[in-house]
Number of protein chains: 2
Amino acid sequence: MPRRSAETPDATPGAAASRSTIADVARVAGVSKATVSRFLNRRDELLTRDIAARVEAAIAELGYSPSPMAQALKRGRTRLIGLVVADVTNPFSVAVLRGAEQACQEAGYLVMLFNLGNQAARELEAIEALSSYQVEGFILNTLGSDPAALAAATRLGKPVVLVDRRHAGMQSDFVSLDNAGAVLLAAGHLAEQGHGELLFISEPTAGVSSRQERAQAFQAFLATHDGHSGHSGQLQGSLFECDEQHPQALDAALLAARQRAGSRRLGVLASNAVVTLRVAAALARLGWHFGEELGFVGFDETEWAPHVGPGLSAIAQPTGDLGRIAARCLLERLQGHQLPPRQTLLPGRLIVRGSSRKV
Amino acid sequence: MPRRSAETPDATPGAAASRSTIADVARVAGVSKATVSRFLNRRDELLTRDIAARVEAAIAELGYSPSPMAQALKRGRTRLIGLVVADVTNPFSVAVLRGAEQACQEAGYLVMLFNLGNQAARELEAIEALSSYQVEGFILNTLGSDPAALAAATRLGKPVVLVDRRHAGMQSDFVSLDNAGAVLLAAGHLAEQGHGELLFISEPTAGVSSRQERAQAFQAFLATHDGHSGHSGQLQGSLFECDEQHPQALDAALLAARQRAGSRRLGVLASNAVVTLRVAAALARLGWHFGEELGFVGFDETEWAPHVGPGLSAIAQPTGDLGRIAARCLLERLQGHQLPPRQTLLPGRLIVRGSSRKV
DNA sequence: TTGTATGCGTTATCAC
DNA sequence: GTGATAACGCATACAA
């Protein structure tokens, strides 16, 4: 079948108006494909002025743009970055995504997103799907529970940057909030505001590194201050993992903590926004109020934090920067820089609202 | 340079372990490339048992999987769907994304996401970038302000499904909430709960169809009930567009509405979650409270709606279904079904909480 | 039933 | 400076 001539508008619905190719441009310009290709890739060197002009005109006339697919096939470079996210519903992940996307776009890369929908089992699948599309590197914000996934990526020789969550035995670059510092910031603030009994509430750790780090930092904080008497006498605290399935267990944990507190004030630290919402639900069931029966600080700043109760104090993560830095980190490796695995830790910012202020 | 032999593990870091190709499989299995290809695509017909076994073994040994890029180049089919979103930060968009993604995945398609970051100017750019990767169709949840964008998609003969927002002069399938019905539901509820003065608050319409539809439906509701005396005397209402830049204008609008209400109760209807947050901020400035100085219903159900004030009543959109239906709609067209443009309108669901209940 | 040859749209290596 | 031509990895018409 002869190629459809370029002049034919081809209004036939359904019959995709086949994109014009480099061959079409060459024919219209009356030159060879090689010349067109040269014009495109190394337009400055070795080109007669009038030939360059003709090629340029032909490209404009046909609205030609090269096929990244074919280019990828030939060059082995796709200018594609694979971004795997545990859950797009998570605002933290989305914020990171935005930062990464922006940095990639500036560098002429396109981001291919794969959403796990919190199914850890799909982690390997994601990496394979993405790498079959020849993405040049990965940004991973996943559970990190499947070692095979990370192995697959490195086996393929593709650089990986991990965000927020480490993977077991990883050799990759890593970008994250300074969890230890952030916990200190929050717990210190609660103590300073006169909360003598602290409760750290987390999702089930389930091997997620950031959750572990935050819990450990909290324990370290307690150990440091144990025996010391703070602003309101003895400082003590405990940890609780709140399971989605058993909300009443959270209620019980809160009641128990209040009991332990006695005359001291109870301060609660929620390890992320999901936990914050669960705590809010628990308070509603108990008839408690933020800033009254308990002081509160939660990880992750959200748009709704100012409007719940007296305003929820929060640890804001530099999400955009995390994404941007992760992307830049990856892009540097793509340039071929041989560097040892780097870790970048960014500080959190405490935003104080009514929920944690001394009455 | 001779191809690296398959047995070499090639641990050289940085030197991407080149994926094995169909040629490698053919060589290992001792057959031709065509045979391998046939095994892959039409494995049932025409294949000697032992040859099939050999090919299968070779594939397993090499961990071979075909390159979608090369397949796309050859077949013209990529199994890629382009999804353009005005703003990934918008929970509505993300929820739609999830539904669409799931449906596409089930059909063996991969979703390529392009985020506009609310820059309308990038709409055309998005469509061109995506279509250069040969996506087979588009799901668009964009501003719809750039007619050239939609034109570009249809010019390329690629089917398009619009979600939530219509485009000017569109010929495409369209999936959305039944905005008129939803407004009736919300306004009717407010009236029924004894709110005699209604205020509809929207973002600047700016040509976004869903905003227009909601505003018009509200006006229609007022027209219908004008003169009629409802549960609390005369029913009246007005509309206000709240600009992000001038929050104090919103405060003034609320005060004015309260004034007009006189002894009647004031009911406020927010046209989306962003507006709801702005109203919450305004109430904080005015010292008002949801459910007291005003009754409230907002479009879009959010995770935080139950925890703001006495709980915010909301119109929940069937976001997951919207995405799923949009994807299925597109996939049907991809199968080659020639159908006229379809519109699918899904009903909203009213969730009543403290903010709108009769005291 | 299997192998050979060709082309998808590019880029790169040669000649000219 | 420019033009043939051979790959890249795959699918397919055709030959055997």
Side-chain angles (χ1 to χ4, degrees), chain A residues 1-4 6 16-55 58-59 62-79 131-134, chain B residues 1-4 6 16-56 58-59 62-79 131-134 156:
Chain A
M1 185 182 70
R3 161 165 293 284
R4 226 184 284 96
S18 55
R19 297 168 57 86
S20 50
T21 75
I22 199 172
D24 298 329
V25 176
R27 191 163 20 75
V28 170
V31 297
S32 76
K33 294 193 298 177
T35 302
V36 179
S37 179
R38 270 190 290 262
F39 175 83
L40 260 37
N41 301 308
R42 309 186 303 251
R43 64 191 318 130
D44 36 343
E45 46 171 298
L46 319 173
L47 270 188
T48 318
R49 276 250 286 289
D50 77 315
I51 290 241
R54 265 155 56 197
V55 172
I59 288 178
L62 297 176
Y64 166 81
S65 73
S67 150
M69 294 276 181
Q71 288 182 320
L73 196 60
K74 188 62 192 162
R75 300 176 161 154
R77 295 196 52 190
T78 54
R79 311 227 120 207
S131 73
S132 79
Y133 278 97
Q134 306 283 87
Chain B
M1 185 182 72
R3 161 166 295 282
R4 223 184 288 93
S18 54
R19 298 168 58 86
S20 50
T21 74
I22 198 171
D24 299 328
V25 176
R27 191 162 22 73
V28 170
V31 298
S32 78
K33 296 193 295 178
T35 303
V36 179
S37 178
R38 271 189 288 261
F39 174 83
L40 260 35
N41 301 308
R42 310 185 306 246
R43 66 191 320 130
D44 37 342
E45 45 171 299
L46 322 172
L47 271 188
T48 317
R49 276 252 285 288
D50 76 315
I51 289 239
R54 265 155 56 198
V55 172
E56 190 158 19
I59 289 178
L62 296 176
Y64 166 80
S65 74
S67 150
M69 294 277 183
Q71 288 182 320
L73 200 57
K74 185 65 193 160
R75 300 176 160 153
R77 296 194 53 190
T78 55
R79 311 226 120 208
S131 73
S132 79
Y133 278 96
Q134 305 282 88
L156 295 164

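Rounded to whole Å, atom P of D/dT12 lies 16 Å from atom CZ of B/Phe39. Look at CD on B/Gln134: it is 14 Å from P on C/dC8, rounded to the nearest Å. Between B/Ile51 atom CD1 and C/dT1 atom P there is a gap of 11 Å when expressed in whole angstrom units. For A/Arg54 and D/dG1, the CZ to P distance is 15 Å, given to the nearest whole Å.
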For each nucleotide in nucleotides 10-16 of chain C, reading 5' to 3', give B when a protein heavy atom comes within less than 4.0 Å of its base, S when such contact involves only the sugar-phosphate, and - otherwise. BBB----
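The heavy-atom pair separating A/Ser32 from A/Ala26 by the smallest distance is C-CB, 3.7 Å. Taking both residues in full, the closest heavy atoms of B/Ser20 and B/Leu62 are given as OG-O, 3.4 Å, listed atom of the first, atom of the second, then distance.
The side chain to side chain contact (heavy atoms under 4.5 Å, CB included) check on B/Ala23 picks up B/Thr21, B/Lys33, with sequence neighbours excluded. Listed by chain and residue number, B/Arg19 satisfy the side chain to side chain contact (heavy atoms under 4.5 Å, CB included) test with B/Ser65 (two or more places apart in sequence, or in another chain). Scanning for salt bridge (Lys or Arg N to Asp or Glu O under 4.0 Å) contacts around B/Arg79 gives an empty result, with sequence neighbours left out.
Between atom CD1 of residue A/Ile59 and atom CG of residue A/Leu40 there is a gap of 5.0 Å, rounded to the nearest 0.5 Å.
Each end of the helix from C/dT1-D/dA16 to C/dC16-D/dG1 yields a helix axis from five base pairs, and these two axes differ in direction by 50° (to the nearest 10 degrees).
Side-chain contact between B/Tyr133 and B/Thr78: absent, with no pair of heavy atoms (C-beta onward) separated by less than 4.5 Å.
Nearer the 5' end of DNA chain C, as judged by each residue's closest nucleotide, is the contact made by B/Thr35, out of B/Leu73 and B/Thr35.
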Exercise answer: donor-acceptor pairs, residues 69-77 of chain A side-chain atoms, under 3.5 Å, sequence neighbours excluded:
{"residue": "A/Arg75", "atom": "NH2", "partner": "A/Asn41", "partner atom": "OD1", "Å": "3.0"}
{"residue": "A/Arg77", "atom": "NH2", "partner": "A/Tyr109", "partner atom": "OH", "Å": "3.0"}

